[in-house]
Amino acid sequence: MSDDSGWANPLRDALDRRLPRIAGPSGLVIFGVTGDLSRKKLMPAVYDLANRGLLPPGFSLVGFARRDWADQDFAREVHDAVEQHARTPFREEVWHQLAEGMRFVQGDFHDDDAFERLRATVGQLDAAQGTGGNFAFYLSVPPKFFPEVVRQLEKHGLADPPAGSWRRAVIEKPFGHDLGSAKQLGRVVHEVFPSDEVFRIDHYLGKETVQNILALRFANTLFEPVWNRSYVDHVQITMAEDIGIGGRAGYYDGIGAARDVIQNHLLQLLALTAMEEPASFDADALVAEKLKVLRAVRLPADLGRHTVRAQYTAGWQGGEKAVGYLQEEGIAAGSTTDTYAAVKLGIDNRRWAGVPFYLRTGKRLGRRVTEIAVVFQRAPHSPFDSSATAELGENALVVRVQPDEGVTLRFGSKVPGTSMELRDVTMDFAYGESFTESSPEAYERLILDVLLGDSNLFPRTGEVEQSWRILDPVEEFWARHGRPAQYAAGTWGPVEADEMLARDGRSWRRP
Ligand code: BG6
C-alpha cells in the first residue's frame, strides 16, 4: 500500500493487518445441531465470536434437526451450551443480540417441506436481520447423509445465492471412508457448490500451534538448514487422548482411530512439517505444496512389520477404573475397530529420502498430548568418553500442539561438576509465558474464516484424496489380518507398537 505521496507506508500496512477481521452480513445454518460437536464446539464458538465483536450485528444462527423444538427451545439449548462450553464470559447484551437471530427448523433430511421451511426462514432472516442472502450450511452430520442434504439444498434453491451474495457448504470430516467414497462425495458436493464455496473442516488446521509450524519453519533462519535428511533421523507425530469413545459409539465403531484422525489431522501435520516453502501464504500456494508432499508419501512394503492397530481393554486411568472398548455402550460384539493406530511412512523426495515419519494415535492412553517431534541424528563423532555420554539422547525439536502449547528444543549439556558428564536439557517456549493474548479456539477461527470466505486453513479435495490413497492399503491389510492387538486403558499403547520401533533401533517418546 502507498500513501498519497506514492511511497510505500509500512507502518500503515502493519496497522491495517492488525485490524480485527470482522465477518460481513451473514448467517449460519447447522445440520445436526443436536449433536455433540454442535453443543460442545460450534454453538460456543459462535457465541465467543459474537462476544469478541467479530460477527455482524444481525448475524443469524439456524438449527435444523428432527427434535420437536420451537425457536425458544433451540435458543435455550444454545444458551446451555454456551454456559457450559464458551471460553469468554457470559454477557447478557451479547446473548440478547445473538438470540434475536436464532431460528429452528424441524425436519428430516428427506422432508421436502422442512427444506421449504428452511428456505422461508432464510428469506425472513434476510429481511429481519439483514443477512444479505449470505448463508453457510454446516453439515455436522454423519457422512452418509452429506449427499442427501446437499441435494436438498440444491433442490430447494438454497445453494443458489441471490445476486451479489454467497452460499457456502461446510463439511465436517470424515470425508468418506476410503478413496472411492471420498471421490463420490466430492462429485456430489461440487455439482452443487462451486469448489471455492466448499469448506472442509479439519479443526487441527485451526489450532494456533499448528499454524505456528509454518511460522517456525519459514520465518526463521535457524531451523530450515537442518530440516532435512542430512540432519534429521526421524519424525514422530503423536496424538494421544486419555478419553475413551464416550457417547460416540455410533460414529466411531467401524471407523476407528486411523480413519478418525490419521487420515486427516495427522497427515495434515505431516504435510505442514515436511512440505517445501510455499510461494506465498494464499490458499492455492499452500495447497500446492501440501499436495506435492502428500503425493510423495510412501507406505513401507511390509505393512505387518511397520503398522500396528490395537484396541483398549479395561484398565485404570487417572485413578479411575476404565472399561475396555468392547464393553463400552453401543459397541458391536467382537468389534475389530482400532482405538490405537501407528504407521511408518516414508517421503520420496530429495529432502526426506530415508527419513521415517512415525505417526501414532490412540484413545485411553496415558495422557492427552499432541506433538510433533523432529529427532536429529547423533553427532557424527564424539570426543567424549562413552561413560560421559551414557545419558545423552538425540537432539530434538518438539512442537507441542496441545495441551501445553509451545516448542521445546532438547540438546546435551555438561552436568555441573569437576568431571565431564553430559546430559539432556531442554529449552522451552511456552505460549502462556510469551504472549498475553490467548489462542482462539480452532472452531472460532474456522467459522470466522468460512464467513469471510478465507480458505487457507481448509483442506481441498486433492489433499483428502491423497490422504485416503495413503491410508486405504493399510485399512485393507488390517481388514485381512485378524484381530487388533490390545493395550490396557491408561497405558501408552500395545507392546507391538514398541516392537515396531525397536525393529528400527528406535523408541517412542513418552511425552
Ligand atoms: C476429532 C476426532 O476430530 O478430534 C475425535 O473425531 C477426537 O475422536 C478429537 O477426540 C480430538 O480433538 P482435540 O482438538 O481435542 O485434539
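One-based numbering, in listed order, for ligands and for the atoms of each.
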Identify whether the distance between the nearest side-chain nitrogen and carboxylate oxygen of Asp80 and Arg39 falls below 4.0 Å.
-> no
Lys363: numbered ligand 1 atoms lying under 4.0 Å from its heavy atoms = 5 (C), 7 (C), 8 (O), 10 (O)
Of all heavy-atom pairs between Leu501 and Ser507, which one has the smallest distance, and what is that distance?
-> CD2-C, 3.5 Å
Give the atoms of ligand 1, by number and element, whose distance to some non-hydrogen atom of Lys207 is under 4.0 Å.
-> 13 (P), 14 (O), 16 (O)
Answer with yes or no whether the side chains of Thr370 and His265 bring together a donor and an acceptor at under 3.5 Å.
-> no
Considering only the protein, which heavy-atom contact is closest to atom 11 (C) of ligand 1, and what is its distance?
-> Glu241 OE2, 3.5 Å
Strictly under 4.0 Å, does any heavy atom of Asp260 approach an atom of ligand 1?
-> yes
His265 heavy atoms within 4.0 Å reach ligand 1 at atoms 1 (C), 3 (O), 4 (O)
Using a strict 4.0 Å cut-off to heavy atoms of Met239, name the atoms of ligand 1 that fall inside it.
-> 11 (C)
Record the part of Tyr252 in heavy-atom contact with ligand 1 below 4.0 Å; permitted values are side chain, backbone, both and neither.
-> neither
Work out which heavy atom in Ile243 is nearest to a heavy atom in Lys363; give both atom names and the distance.
-> O-CB, 3.4 Å
Passing candidate, side chain to side chain donor-acceptor pair (under 3.5 Å) with Thr339, options Tyr312, Tyr487, Tyr325 | Tyr487
If only atom types and distance count, is the side chain of Trp352 paired as donor or acceptor with the main-chain N or O of Val297 below 3.5 Å?
-> no
What protein heavy atom sits nearest atom 4 (O) of ligand 1, and how far away is it?
-> His203 CE1, 3.3 Å
Return yes or no for this condition: an N or O of Gln402 is under 3.5 Å from an N or O of ligand 1.
-> yes
Residue, atom name and distance, where the atom is the protein heavy atom closest to atom 5 (C) of ligand 1 = Arg248 NH1, 3.4 Å
Name the orientation class of the two ring planes belonging to Trp95 and Phe90 (parallel below 30°, tilted from 30 to 60°, perpendicular beyond 60°).
-> tilted
Which of the ligand 1 atoms, numbered from 1, are nearer than 4.0 Å to a heavy atom of Arg368 = 15 (O)
Measure up the Phe137 and Phe193 rings against each other and bin them: parallel (under 30°), tilted (30 to 60°), perpendicular (over 60°).
-> tilted
Per-atom contacts, ligand 1 versus Lys173 - under 4.0 Å to a heavy atom | 1 (C), 2 (C), 3 (O), 6 (O)
